[in-house]
Amino acid sequence: QAGLVDRLWAACEGVLILVEPGTPAGFERLRGARTQLIAAGAVILAPCPHDGICPMQAPDWCHFVQRLPRSRDHRLAKAASLAFEDEKFTYVAAARSGVLQTARPARVLAAPRLGKAGVALKLCGPEGVEVRTVARRDKPAFAAARRLGWGDGVAS
C-alpha cells in the first residue's frame, strides 16, 4: 500500500482523495495513508481539521454513511425489502501545500444526539475528539445544530 500511495501522490497536482469501505480495516489503511501523505508534505483537507496524529482510538473509527437508492433488480438480488441501502465509507482528502488556504471545520463523527438539554455533537476538531453540547436555550445555535448530520463540518 505504501508504494501505491507514493505513486498516487506523485501523480497528483492538486488534491488527492482516497476512499475505503467504512470498516475498522478500511480506516486503518487510510490512517496509514494519511500519515504517509503528511510526511510527504500534504495538507489534510478532510475529514480531519488538522494535520496532527489521528485522535480516534479503537474500538471507534472514523467513518461516514451515505444512503443510496436500490433499484427493483437490486432489491430482488439481495432479497431486500427496503428501497435504500446505507453504505459506510471512510476517506481522506489531501492537498499540495498552497492549493487551498481556508480554515478546516471540525467534523461531526456520529449522528447528533437530541436530548432534553440540547444537541450533543461528537466532533473531531483541531484538539482531537470532543463532545460539544448545544443548549436548547440558545435558540439560533440549537436550530443550526439540529440540522447537522453525520459528516458535516462545524465552525470551531
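Just the heavy atoms: all of them, side chains too, but no hydrogens, waters or symmetry mates, feed the values below. These numbers were taken from a predicted model, which means no experiment stands behind them.
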When clusters are formed by joining ILVMFWY residues with side-chain heavy atoms under 4.5 Å apart, either directly or through shared neighbours, do [X] and [Y] land in the same one?
X: Leu30; Y: Leu45; value: no
X: Val119; Y: Val154; value: yes
X: Val43; Y: Leu37; value: no

Donor-acceptor pairs under 3.5 Å, side chain of residues 3-21 to any protein atom, not counting sequence neighbours: which ones?
{"unit_1": "Asp6", "atom_1": "OD1", "unit_2": "Gln36", "atom_2": "NE2", "d": "2.7"}
{"unit_1": "Arg7", "atom_1": "NH1", "unit_2": "Gly3", "atom_2": "O", "d": "3.4"}
{"unit_1": "Glu20", "atom_1": "OE1", "unit_2": "Arg29", "atom_2": "NE", "d": "3.0"}
{"unit_1": "Glu20", "atom_1": "OE1", "unit_2": "Arg29", "atom_2": "NH2", "d": "2.8"}

Taking C-beta and beyond as the side chain, do [X] and [Y] meet within less than 4.5 Å on heavy atoms?
X: Leu123; Y: Val131; answer: no
X: Cys124; Y: Pro55; answer: yes
X: Pro47; Y: Cys62; answer: yes

Tell me which pairs pass salt bridge (charged side-chain N to carboxylate O under 4.0 Å, His left out) where either residue lies in [range], with sequence neighbours left out.
range: residues 136-154; value: none
range: residues 30-59; value: Glu28-Arg31, Asp51-Arg104
range: residues 114-123; value: Asp60-Lys122

#### Entry: Gly153 versus Leu148, closest heavy-atom pair with distance
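Scanning both residues, the minimum pair turns out to be O-CD2, 4.2 Å.
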
### Shortest non-hydrogen contact from Ile44 toward Ala94
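For Ile44 versus Ala94, the nearest heavy atoms are CD1-CB, 4.1 Å.
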
### Message
According to side chain to side chain contact (heavy atoms under 4.5 Å, CB included), who are the partners of Ser71, at least two apart in sequence or on a separate chain?
### Response
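Testing Ser71 for side chain to side chain contact (heavy atoms under 4.5 Å, CB included), a comparison that skips the adjacent residues, returns Asp73, His74.
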
#### Entry: Set of side chain to side chain contact (heavy atoms under 4.5 Å, CB included) partners for Arg67, sequence neighbours left out
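Arg67 satisfies side chain to side chain contact (heavy atoms under 4.5 Å, CB included) with Phe84, Asp86 once adjacent residues are dropped.
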
### Message
I'd like to check the salt bridge (Lys or Arg N to Asp or Glu O under 4.0 Å) partners of Arg70; sequence neighbours left out, ordered by chain and number.
### Response
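Here the qualifying residues are Glu85.
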
### For Glu87, salt bridge (Lys or Arg N to Asp or Glu O under 4.0 Å) partners two or more places apart
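Residues passing salt bridge (Lys or Arg N to Asp or Glu O under 4.0 Å) with Glu87: none at all.
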
### Task
Flag yes if more than 12 heavy atoms outside Leu114 fall under 6.0 Å of its CG atom; otherwise flag no.
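Enclosed: over 12 neighbouring heavy atoms sit under 6.0 Å from CG of Leu114.
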
### Message
Please evaluate residues Val108 and Phe64 with respect to the criterion side chain to side chain contact (heavy atoms under 4.5 Å, CB included), reporting the C-alpha separation (whole Å), side-chain torsions for both, the decisive distance (0.1 Å), and the verdict.
### Response
CA-CA 9 Å; Val108 178; Phe64 305 93; over 6 Å; no

#### Entry: Whether Trp150 side chain and Pro112 backbone form a donor-acceptor pair below 3.5 Å
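Looks like no, no N/O pair under 3.5 Å.
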
### Message
Test: ring-ring contact (aromatic ring centres under 6.0 Å, His included). Region: residues 27-62. Which pairs qualify, not counting sequence neighbours?
### Response
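Applying ring-ring contact (aromatic ring centres under 6.0 Å, His included) to every pair that reaches into residues 27-62, excluding sequence neighbours, yields Trp61-His63.
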
